[in-house]
Amino acid sequence: MARPRRTQFERSLVGPAGEHYVIFRLYQQGMLASLAPGGSPTVDVLVLSPDETVIASLQVKTRTYGRDQGWHMREKHESIVSPRLFYAFVDLEPDVPVTYIVPSSVVADAITHSHREWLATPGRQGQPRRDHAMRRIVPVFNEDLPDYPPGWMEQYREGWHLLKEAVGA
């Protein structure tokens, strides 16, 4: 069944909904959190210690539906790596949303390798692929990536403990 096309306004609400959902889930886990200042280039949510010191940050990527069940990324995400930076990939489509908490180093590696493999394989009609800034992170990559087999993201499903470990909570 084809899904109805959403308006630009409806699409603009998806990202903020994901960010607020992540803050809600952090509170459920007993962690303090706040939205980062608007316009922060790599951070959407700040995770705070009890004395309100920033101890970790999250970039939130939210999706509703899509054929590959993935999230949009950009070339710049290949080099955004920090030990206390994590991605929260939020899938709002199930009845109960699902969140994958993934370290930034894993995300950078996964999209770098998947894009490299995508470029190395010919297009549908055998033509060479053209490079571009768009990247996707997906639970199942179309490319053969031994380090990221089907289901590779499941280890990060509801991985709030990874944040707790990183921040010593």
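Below, all heavy atoms of this structure are taken into account, side chains as well, without hydrogens, waters or symmetry copies.
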Notebook entry, point to check: Can you list every pair that meets side chain to side chain donor-acceptor pair (under 3.5 Å) and has a residue in residues 36-57, with sequence neighbours left out?
Noted result: Ser49-Asp51, Asp51-Thr53

Check: Between Gly15 and Thr62, what is the shortest heavy-atom contact and its length?
Finding: O-OG1, 4.0 Å

Item checked: Inter-residue atom distance Ser114.OG - Leu119.CG, 0.5 Å rounding -> 9.5 Å

Notebook entry, point to check: Are the side chain of Trp71 and the backbone N or O of Val90 linked by a donor-acceptor pair below 3.5 Å?
Noted result: yes

Item checked: Straight-line distance of Thr112 OG1 to Glu75 CD, nearest 0.5 Å -> 9.0 Å

Note to self: For a quick test of reading the model, state the closest non-hydrogen atom pair linking Arg74 to Ile111 and the distance between them.
What the structure shows: O-CD1, 4.0 Å

Next item on the list: Check the pair Lys61 / Ile137 against side chain to side chain contact (heavy atoms under 4.5 Å, CB included), numbers first and verdict last.
Entry: CA-CA 10 Å; Lys61 298 291 184 185; Ile137 194 156; over 6 Å; no

Next item on the list: Using the rule that two of Ile, Leu, Val, Met, Phe, Trp, Tyr join whenever any of their side-chain heavy atoms come within less than 4.5 Å, decide whether Phe89 and Phe24 are in one cluster.
Entry: yes

Notebook entry, point to check: Using a side-chain heavy atom cutoff under 4.5 Å and only I, L, V, M, F, W and Y, what cluster partners does Leu46 have?
Noted result: Leu32, Val43, Leu48, Val54

Check: Can you list the residues that meet the salt bridge (Lys or Arg N to Asp or Glu O under 4.0 Å) rule with Arg129, with sequence neighbours excluded?
Finding: none

Next item on the list: Could you list who else is in Met134's hydrophobic cluster, with ILVMFWY side chains joined at under 4.5 Å, directly or through other members?
Entry: none

Next item on the list: Flag the pair Leu162 / Trp160 as yes when at least one side-chain heavy-atom distance between them is below 4.5 Å, and no otherwise.
Entry: no

Next item on the list: Flag the pair Asn142 / Thr121 as yes when at least one side-chain heavy-atom distance between them is below 4.5 Å, and no otherwise.
Entry: no

Check: Do Tyr87 and Met73 have side chains that get closer than 4.5 Å, going by heavy atoms?
Finding: yes

Note to self: Are Ile55 and Arg84 packed together at the side-chain level, in the sense that at least one heavy-atom pair is separated by less than 4.5 angstrom?
What the structure shows: yes

Next item on the list: Is it possible for you to say whether Trp118 and Tyr148 belong to one hydrophobic cluster, with membership spreading through side-chain heavy-atom contacts below 4.5 Å?
Entry: no

Notebook entry, point to check: Any donor and acceptor pair, going by atom type alone, linking the side chain of Lys164 with main-chain N or O of Gln29 inside 3.5 Å?
Noted result: yes

Next item on the list: Kindly work out whether a path of hydrophobic side-chain contacts (I/L/V/M/F/W/Y, heavy atoms less than 4.5 Å apart) joins Tyr21 to Tyr27.
Entry: yes

Margin query: Under a 3.5 Å distance rule, please check whether Thr99 uses its side chain to pair with a backbone N or O of Ala88 as donor and acceptor.
Written below: no

Checklist line | hydrophobic_cluster_shared for Leu58 and Val98, side chain cutoff 4.5 Å | finding: yes

Next item on the list: Measure across Pro41 and Gln59 and return the closest heavy-atom pair with its distance rounded to 0.1 Å.
Entry: O-NE2, 4.0 Å

Check: With ring centroids as reference points, do His115 and His132 lie under 6.0 angstrom apart?
Finding: yes

Notebook entry, point to check: Is there a side-chain contact between Leu26 and Leu163 (heavy atoms, below 4.5 Å)?
Noted result: yes

Next item on the list: Kindly give the heavy-atom pair with the smallest separation between Asp91 and Thr64, and that separation in Å.
Entry: OD1-O, 3.7 Å

Next item on the list: State the CZ-OH distance between Arg157 and Tyr100, to the nearest 0.5 angstrom.
Entry: 4.5 Å

Next item on the list: List the atom of Arg136, the atom of Phe141, and the distance in Å for their closest heavy-atom pair.
Entry: O-CE2, 3.7 Å

Item checked: Residue list, side chain to side chain donor-acceptor pair (under 3.5 Å) with Glu78, at least two apart or on another chain -> Arg135

Checklist line | Pair listing, salt bridge (Lys or Arg N to Asp or Glu O under 4.0 Å) test, anchored in residues 17-36, at least two apart | finding: Arg25-Glu158

Note to self: Quick one: does any side-chain atom of Gln127 pair with a main-chain N or O of Gln125 as donor and acceptor, under 3.5 Å?
What the structure shows: yes

Notebook entry, point to check: Can you check whether Val138's main-chain N or O pairs, donor with acceptor, with Trp152's side chain at less than 3.5 Å?
Noted result: yes

